[in-house]
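All remarks here apply to the structure that follows.
All values below were derived from every heavy atom in this structure, side-chain atoms included, with hydrogens, water molecules and symmetry-related copies excluded.
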Amino acid sequence: MNSRAFRRLAASAAALGGLLLTATPAHAALMSPQADAYALSVNALGSNLVAPTPRSMFPNGGTASLLDLNAGIAEASALNATTAGDPTAGTSSASSSVAKVSVNLGPTASLDLSAVDATCTATPDGATGSSDIATAVVNSLLSGLVPPANIPVNASPNTAIELPGLAKVVLNEQSTDADGVLTVNAVHITLLSGKLADIVIAHTQCGGAPPIQAVPMISPSVGTGAGAAALATTGGVVYLRRRRSNAQLSVG
């Protein structure tokens with residue numbers, strides 16, 4: 001094989017290599033899409049009082065539901081969590097909701113919320129999410145001891161509200177990790193900076209990934225010459241070089 005044919009083989013191999021390798025977004029570091037959702041979790045005094053419940057995770061996905069839950073410090077009804085995804089497209093989605101929930105903020109007050117939900121979606125290009133609350137009211141268990149608090153129902157991401165002497169409430173809490181995975185908590189309540197209790201209501205998490213690419217089909221007519229060498233890529237180049245070297249040795 002002359003040098004011109006060899007150069008054509010190398011060029012064909014490089015071209016096929018470019019087809020098989022696809023650039024991926026810097027933030028989509030996951031190998032496959034993932035999603036996670038749960039309606040309620042409660043940590044109290046350093047122990048896991050209520051594990052994430054009910055919970056759905058993708059891969060597998062689907063919907064998990066619970067009619068009601070009473071953990072003492074928190075009571076909730078109609079809890080749901082759903083996840084889904086498509087590895088071929090590199091997408092995922094998650095949603096979680098609680099119809100009604102009441103959280104005990106201590107001996108003097110409670111926080112009552114209705115229609116709490118969080119959602120997120122992810123693609124290979126990134127993830128977005130949001131949360132909603134229909135009503136949110138701080139109820140004083142002892143008249144006059146707890147001043148009224150303004151709890152916005154359509155809060156901007158990471159809206160923090162301090163209830164002096166009681167709790168810190170973060171609404172529409174959002175964060176993104178190094179892999180581009182977005183986490184959305186509709187409501188995150190901490191009592192005594194989390195030392196007494198840490199409560200999450202309506203949690204979702206979504207991460208996209210590069211889509212699965214179909215391997216380009218090679219025409220049977222390209223079974224010899226440049227096509228065959230392109231499939232072999234580096235191996236074919238090494239073989240040709242060795243063959244040429246052997247031919248030169250035998251002639252000598």
Side-chain angles (χ1 to χ4, degrees), residues 9-41 51-66 78-98 116-132 157 172-186 200-224 226-237:
L9 292 175
S12 299
L16 183 60
L19 290 174
L20 296 177
L21 296 176
T22 57
T24 59
H27 56 266
L30 298 177
M31 296 301 295
S32 60
Q34 68 178 41
D36 183 17
Y38 60 81
L40 181 69
S41 71
T53 303
R55 191 172 198 175
S56 174
M57 301 177 70
F58 180 84
N60 294 329
T63 298
S65 300
L66 186 65
L79 302 87
N80 297 282
T82 301
T83 59
D86 182 357
T88 302
T91 61
S92 68
S93 62
S95 64
S96 61
S97 63
V98 181
V116 182
D117 67 76
T119 62
C120 65
T121 58
T123 70
D125 297 321
T128 59
S130 63
S131 68
D132 290 297
N172 195 13
E173 185 177 51
Q174 299 192 22
S175 62
T176 303
D177 68 14
D179 290 334
V181 178
L182 172 67
T183 297
V184 180
N185 296 320
V200 172
I201 305 169
H203 164 97
T204 59
Q205 191 176 73
C206 295
I212 298 175
Q213 300 289 336
V215 177
M217 296 299 294
I218 305 300
S219 171
S221 63
V222 195
T224 59
L231 288 174
T233 315
T234 305
V237 173

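Smallest separation of non-hydrogen atoms from A64 and P54: O-CG, 3.6 Å. The nearest pair of heavy atoms linking S130 to V184 is O-CG1, 3.8 Å. The two residues P33 and P59 make their nearest non-hydrogen contact at O-CD, 4.4 Å. When all heavy atoms of A118 and A202 are compared, the closest pair comes out as CB-O, 3.5 Å. Taking both residues in full, the closest heavy atoms of A122 and G207 are given as CB-C, 3.6 Å, listed atom of the first, atom of the second, then distance.
Under the side chain to side chain donor-acceptor pair (under 3.5 Å) criterion, S65 pairs with N80, sequence neighbours left out. With sequence neighbours excluded, the residues forming a side chain to side chain contact (heavy atoms under 4.5 Å, CB included) with P157 are N172, Q174, listed by chain and number. Every side chain to side chain contact (heavy atoms under 4.5 Å, CB included) that T183 has, sequence neighbours left out, goes to S175, N185, H203, Q205. By the side chain to side chain donor-acceptor pair (under 3.5 Å) test, T121 pairs with T128, sequence neighbours left out. By the side chain to side chain donor-acceptor pair (under 3.5 Å) test, S41 is found to be paired with no residue, residues two or more places apart in sequence or in another chain being considered.
Among residues at least two apart or in separate chains, salt bridge (Lys or Arg N to Asp or Glu O under 4.0 Å) pairs with a member in residues 51-63 are D36-R55. Evaluation of the side-chain hydrogen bond (donor to acceptor under 3.5 Å, both in side chains) test over residues 83-95, restricted to residues two or more places apart or in two chains, returns S56-T83.
With hydrogens and angles disregarded, a donor-acceptor distance shorter than 3.5 Å links the side chain of D177 to the backbone of D179.
Between P87 and F58, some side-chain heavy-atom pair lies under the 4.5 Å cut-off.
To the nearest 0.5 Å, atom CG of residue L40 and atom OG1 of residue T53 are 7.0 Å apart.
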